[in-house]
Amino acid sequence: MTKERLISLDVFRGFTILLMTIVNNPGSWATVYPPLLHSDWNGCTPTDLVFPFFIFIMGVAVSFAMPTKTFDNNTFNKIMVRSLRMFCLGVFFNFFGKIQLFGLEGIPLLVGRLAITIGVGYALMGNFSLKNKTYLMLSILGAYLFLAFSGIEAYHDVRLLGVLQRIGIVYFVITLLYLKTTQKMQAIVALVILLGYWGIMTLVPVPGIGLANLEKGTNLASCMDGILLKDHVWTVTKTWDPEGILSTIPAIASGIIGLLIGQLLNRPLPKIEIAKKMGIAGISLIALALLWSIAFPLNKSLWTSSFVLYTSGLAILSLTLFYYVIDIANYKKWTKLFLIWGINPMIVFFFSEIIPQGLEMIQFKNPEIPSKQINLQSYLYEFWIAPFFNNPMTASLAGALIYATIWSLILWTFYKHKLIFKV
């Protein structure tokens with residue numbers, strides 16, 4: 001049994017996924033407005049809010065998906081399978097660019113990769129029985145692990161963690177917490193996680209490095225990634241992962257805060273009273289985060305405790321604003337664009353990671369420099385978009401907005417035909 005959808009939550013989710021699509025798909029990564037880039041290390045830009053907002057939103061949604069707390073073997077299996085399906089979808093992004101097929105190259109290889117993509121996407125987002133979902137998920141997960149650790153050169157350094165993987169892990173933990181504990185216990189778990197992570201990161205010596213520190217590449221979280229994941233980390237960093245093992249633990253606290261807000265929204269209180277409580281909670285968390293950041297800086301890659309509180313506070317205030325305008329003031333005419341994004345986030349997540357990789361595989365002679373190759377993504381931007389703008393940053397943003405517009409048309413079609421893709 002699920003509770004009636006909270007439109008403001010769907011709109012908030014849609015706003016967040018739309019922002020994610022824009023920041024992840026600039027016309028050119030060389031010319032991007034600073035707010036649309038992640039912080040280099042400490043700090044928090046608008047782009048850094050996207051991921052924690054998703055985890056917060058997921059936490060809020062759990063109590064709406066399961067308003068009646070019933071826990072049995074079947075419920076546990078559903079939670080586990082959904083979590084692992086999300087994990088497997090995320091891992092596939094990292095495999096896509098490494099898939100080799102019988103020595104194929106260029107367009108034939110792209111066609112083969114896209115065929116596999118459709119098969120995997122259908123297996124992990126198709127509406128099957130729980131038994132079939134389990135078999136398909138385990139088969140795909142087993143294939144990933146075999147390829148990653150088989151010694152095959154093409155897959156020896158494939159990344160195993162990432163955004164959807166972290167979301168899947170957090171979903172599993174917070175859903176079990178929701179079903180098996182009280183709100184008081186959930187709050188205590190979140191507090192223990194945040195304080196414990198602070199202590200571990202600032203007090204525990206780093207093996208092979210020395211004293212505890214919070215610097216890039218030499219902190220305890222980075223060290224654990226290097227030891228446990230070895231080569232299977234983000235290719236940009238090479239030795240550690242921004243969605244690594246240790247830094248996933250405080251992300252659970254982000255989900256728990258969303259979980260607590262979701263339960264507040266389900267309480268039999270006047271809506272304006274709920275909005276006031278949310279506003280106070282949001283402001284309090286931001287104030288506490290800024291104070292804590294003096295000793296434990298805001299840092300997305302480390303997912304520091306101050307970052308958890310700061311982003312959760314902003315997420316609460318954002319949801320409060322949407323909740324007041326949509327669910328209290330009943331002003332909904334403007335929401336359609338965000339709504340069509342908010343009810344179908346998984347399909348955007350999946351293919352927004354695949355499409356750019358596919359476009360980069362389509363290469364041909366550069367019209368301006370015939371001796372060099374250019375891929376289709378670069379060609380579309382450099383010849384169809386950039387020439388119309390004097391400011392290269394504006395051109396890059398325009399490329400992202402055009403991409404988001406195309407997705408809006410696709411999602412509108414899905415919305416009209418009541419097509420919703422879920423894991």
Side-chain angles (χ1 to χ4, degrees), residues 2-23 35-36 44-65 67 254-290 308-346 348-349 397 400-401 404-405 407-409 411-412 414-416 418 420:
T2 58
K3 191 176 177 69
E4 184 180 349
R5 297 189 77 100
L6 184 67
I7 296 177
S8 54
L9 184 62
D10 283 332
V11 170
F12 185 26
R13 186 189 296 109
F15 170 82
T16 306
I17 191 80
L18 177 57
L19 178 59
M20 180 207 76
T21 303
I22 291 171
V23 301
L36 300 180
C44 185
T45 70
T47 298
D48 291 325
L49 299 175
V50 173
F51 192 7
F53 274 19
F54 270 122
I55 291 182
F56 170 85
I57 290 166
M58 179 180 65
V60 176
V62 165
S63 61
F64 284 86
S254 298
I256 293 174
I257 293 172
L259 192 63
L260 293 169
I261 293 299
Q263 290 168 94
L264 171 60
L265 284 162
N266 278 307
R267 288 178 62 183
L269 296 173
K271 290 182 178 180
I272 193 66
E273 189 66 26
I274 291 174
K276 289 179 181 177
K277 290 179 180 295
M278 288 171 62
I280 293 171
I283 293 171
S284 299
L285 289 184
I286 292 171
L288 182 57
L290 294 175
V308 171
L309 296 184
Y310 182 71
T311 56
S312 296
L314 287 175
I316 293 170
L317 291 183
S318 299
L319 180 56
T320 302
L321 177 61
F322 285 121
Y323 183 68
Y324 180 82
V325 172
I326 297 169
D327 294 289
I328 296 178
N330 201 35
Y331 183 50
K332 303 176 181 177
K333 292 182 180 180
W334 58 277
T335 62
K336 188 69 72 177
L337 171 63
F338 301 109
L339 194 60
I340 63 175
W341 281 81
I343 63 175
N344 244 328
M346 198 54 64
V348 181
F349 251 121
L397 177 58
L401 293 174
T405 300
W407 262 112
S408 296
L409 295 174
L411 293 172
W412 173 253
F414 290 159
Y415 180 80
K416 284 182 64 177
K418 298 181 179 179
I420 299 178

Could you work out, with ring pair (Phe, Tyr, Trp, His ring centres under 6.0 Å) as the rule, every residue matching Phe54, not counting sequence neighbours?
Phe349

Check whether Asn344 reaches the backbone of Ile340 with its side chain - one donor and one acceptor, N or O, closer than 3.5 Å.
no

Rounded to the nearest 0.5 Å, what's the gap from CG on Leu411 to CD1 on Ile420? Could you check?
11.0 Å

Just verifying a value: how many Å separate Lys276 NZ and Thr320 OG1, rounded to the nearest 0.5 Å?
13.0 Å

So, the side chain of Thr335 versus the backbone of Ile326: is there a donor-acceptor pair under 3.5 Å, distance only?
no

Walk me through it: do Phe64 and Leu265 pass the test side-chain contact (heavy atoms from CB on, under 4.5 Å)?
CA-CA 9 Å; Phe64 284 86; Leu265 284 162; 3.9 Å; yes

Donor on one side chain, acceptor on other, Thr21 and Trp407, under 3.5 Å
no

Go through the steps for Leu285 and Leu314 under the test side-chain contact (heavy atoms from CB on, under 4.5 Å), then give the verdict.
CA-CA 8 Å; Leu285 289 184; Leu314 287 175; over 6 Å; no

Before you tell me yes or no, could you show the steps for Leu6 and Tyr323 under side-chain contact (heavy atoms from CB on, under 4.5 Å), namely the whole-Å CA-CA distance, both residues' side-chain angles and the distance that decides it to 0.1 Å?
CA-CA 9 Å; Leu6 184 67; Tyr323 183 68; 4.0 Å; yes

Are more than 12 heavy atoms, taken from residues, nucleotides or ligands other than Lys332, located less than 6.0 Å from that residue's NZ atom?
yes

Run the side-chain contact (heavy atoms from CB on, under 4.5 Å) check on Leu309 and Ile257 step by step: do they pass?
CA-CA 9 Å; Leu309 296 184; Ile257 293 172; 4.2 Å; yes

Side chain to side chain donor-acceptor pair (under 3.5 Å) between Lys271 and Tyr324, worked out:
CA-CA 8 Å; Lys271 290 182 178 180; Tyr324 180 82; over 6 Å; no

Starting at CG of Leu321, measure out to CE of Met278 and round the result to the nearest 0.5 Å.
10.0 Å

For the student: nearest non-hydrogen atoms of Cys44 and Thr311, plus distance
SG-CG2, 4.3 Å

Between Tyr331 and Trp334, what is the ring plane arrangement, given parallel below 30°, perpendicular above 60°, and tilted in between?
tilted

Can you tell me if Ser254 uses its side chain to pair, donor with acceptor, with the backbone of Val308 under 3.5 Å?
no

Hey, what do you get for CG (Leu36) to CG (Leu19), rounding to the nearest 0.5 Å?
7.5 Å

When you compare the side chain of Pro35 with that of Thr47, does any pair of heavy atoms fall below 4.5 Å?
no

Can you measure from CG (Leu259) to CG (Leu264) and round to the nearest 0.5 angstrom?
12.0 Å

Per the side chain to side chain contact (heavy atoms under 4.5 Å, CB included) rule, which among Ile261, Leu49, Thr16 passes with Phe56?
Ile261

Start with the C-alpha distance between Phe338 and Trp341, add both sets of side-chain angles, then the distance that settles ring-ring contact (aromatic ring centres under 6.0 Å, His included), and finish with yes or no.
CA-CA 5 Å; Phe338 301 109; Trp341 281 81; 9.0 Å; no

Heavy-atom pair of closest approach, residues Asn266 and Ser63:
ND2-OG, 3.1 Å

Should we count CZ of Phe15 as having more than 12 external heavy atoms under 6.0 Å?
no

Could you measure the distance from the CG atom of Leu339 to the CZ atom of Phe12? Nearest 0.5 Å is fine.
15.0 Å

Heavy-atom closest contact (Leu337 atom, Ser408 atom, distance):
CD1-OG, 3.7 Å

Do Lys336 and Tyr415 make a side-chain contact, defined as non-hydrogen atoms from C-beta onward lying under 4.5 Å apart?
yes

